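Note sheet for the following structure.
Scope of the values below: all heavy atoms of this structure, side chains included, with no hydrogens, waters or symmetry mates. None of the values given here were measured: they were computed from a predicted structure.
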Amino acid sequence: MAIDVNKITETIYWTDITEGCKIEASGNSKLFNTGDWRVDTPVFIAEKCTQCLLCVPVCPDSSIPVNNYKRADFDFAHCKGCGICAKVCPSGAIEMKMGER
Ligand code: SF4
Ligand code: SF4
């Protein structure tokens with residue numbers, strides 16, 4: 001996809017650029033909301049959940065937060081909608097819906 005240079009509003013001076021444009025630090029999921037890429041969306045049905053926590057370790061994006069040994073709703077800033085959590089849930093407490101929430 002071509003970048004429309006007329007829409008770039010941020011001014012970056014040469015003094016802000018690293019020597020040789022080296023990338024000096026790794027990326028961090030706190031800085032990148034990879035949930036923007038999500039195509040489908042898991043829906044948590046709390047009434048059906050038995051808190052077995054099977055869904056938590058299988059999530060490749062660590063998008064199922066746990067507080068006091070209980071899972072909470074999804075972290076949609078990072079969930080990519082792969083559906084693995086819905087597949088492993090033995091209680092039908094996660095349903096996949098088409099589309100990004
Ligand atoms: S796998 Fe299903 S029942 Fe178990 S904690 Fe996750 S949502 Fe709840
Ligand atoms: S849909 Fe995939 S990325 Fe999102 S919470 Fe479930 S396992 Fe994690």
Side-chain angles (χ1 to χ4, degrees):
M1 186 176 71
I3 296 173
D4 182 350
V5 292
N6 295 317
K7 291 188 176 169
I8 298 174
T9 55
E10 185 180 7
T11 302
I12 300 173
Y13 299 99
W14 70 270
T15 50
D16 298 329
I17 299 172
T18 59
E19 184 181 342
C21 292
K22 283 184 293 193
I23 298 172
E24 296 180 338
S26 58
N28 189 312
S29 62
K30 286 186 178 173
L31 301 176
F32 297 102
N33 288 343
T34 49
D36 288 355
W37 308 345
R38 189 173 55 257
V39 177
D40 294 335
T41 300
V43 176
F44 179 43
I45 305 163
E47 319 77 81
K48 290 187 177 179
C49 178
T50 60
Q51 295 297 342
C52 68
L53 300 185
L54 285 174
C55 56
V56 175
V58 299
C59 175
D61 294 297
S62 300
S63 297
I64 304 177
V66 176
N67 300 316
N68 293 324
Y69 307 103
K70 291 189 172 185
R71 67 149 293 174
D73 201 359
F74 296 99
D75 166 14
F76 287 114
H78 298 98
C79 163
K80 296 198 193 75
C82 66
I84 296 173
C85 55
K87 284 274 185 196
V88 302
C89 177
S91 308
I94 302 171
E95 285 182 5
M96 297 302 296
K97 299 284 184 202
M98 284 182 65
E100 184 188 351
R101 185 170 105 169

Main-chain N/O of C79 paired with R38 side-chain donor or acceptor, under 3.5 Å: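 Answer holds: yes.
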
Which ILVMFWY residues can you reach from I17 by hopping between side chains whose heavy atoms are under 4.5 Å apart?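 I17 shares its hydrophobic cluster with I12.
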
Apply the hydrophobic cluster definition, ILVMFWY joined by side-chain contacts under 4.5 Å directly or through others, and give me every member besides V58.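 Its cluster partners, ordered by chain and number, are I84, V88.
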
Going by salt bridge (Lys or Arg N to Asp or Glu O under 4.0 Å), name the pairs with one or both residues in residues 84-96, residues two or more places apart or in two chains.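 Every pair satisfying salt bridge (Lys or Arg N to Asp or Glu O under 4.0 Å) with a residue in residues 84-96: E95-K97.
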
What pairs of residues pass the salt bridge (Lys or Arg N to Asp or Glu O under 4.0 Å) test when at least one of them lies in residues 49-59, not counting sequence neighbours?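 For residues 49-59: none.
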
Who passes side-chain hydrogen bond (donor to acceptor under 3.5 Å, both in side chains) against D40, sequence neighbours left out?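 By the side-chain hydrogen bond (donor to acceptor under 3.5 Å, both in side chains) rule, D40 matches no residue at all.
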
For K80, all residues meeting salt bridge (Lys or Arg N to Asp or Glu O under 4.0 Å), sequence neighbours excluded: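 Counting only residues at least two positions away or on another chain, K80 forms a salt bridge (Lys or Arg N to Asp or Glu O under 4.0 Å) with D61.
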
Which residues share a salt bridge (Lys or Arg N to Asp or Glu O under 4.0 Å) with K70, sequence neighbours left out: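 K70 satisfies salt bridge (Lys or Arg N to Asp or Glu O under 4.0 Å) with no other residue.
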
Working to the nearest 0.5 Å, report the span between CZ of R71 and SG of C55.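 One gets 4.5 Å once the value is rounded to the nearest 0.5 Å.
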
When rounded to the nearest 0.5 angstrom, what distance separates SG in C82 from CE in M96?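 That separation rounds to 7.0 Å.
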
Name the residue from P42, P57, C59 that meets the side chain to side chain contact (heavy atoms under 4.5 Å, CB included) definition with I64.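 Per the side chain to side chain contact (heavy atoms under 4.5 Å, CB included) rule, the option paired with I64 is C59, out of P42, P57, C59.
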
Taking side chain as C-beta onward, heavy atoms only, is S62 less than 4.5 Å from H78?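 Contact flag for S62/H78 side chains = no.
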
Is it possible for you to say whether F74 and L53 belong to one hydrophobic cluster, with membership spreading through side-chain heavy-atom contacts below 4.5 Å?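 Yes, because F74 and L53 connect within a single hydrophobic cluster, where side-chain heavy atoms sit under 4.5 Å apart.
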
Non-neighbouring partners of [X] that pass side chain to side chain contact (heavy atoms under 4.5 Å, CB included), sequence neighbours left out:
X   : answer
C89 : S91, A93, I94
D36 : N33
Y13 : T11, T15, D16
A72 : P65, N67

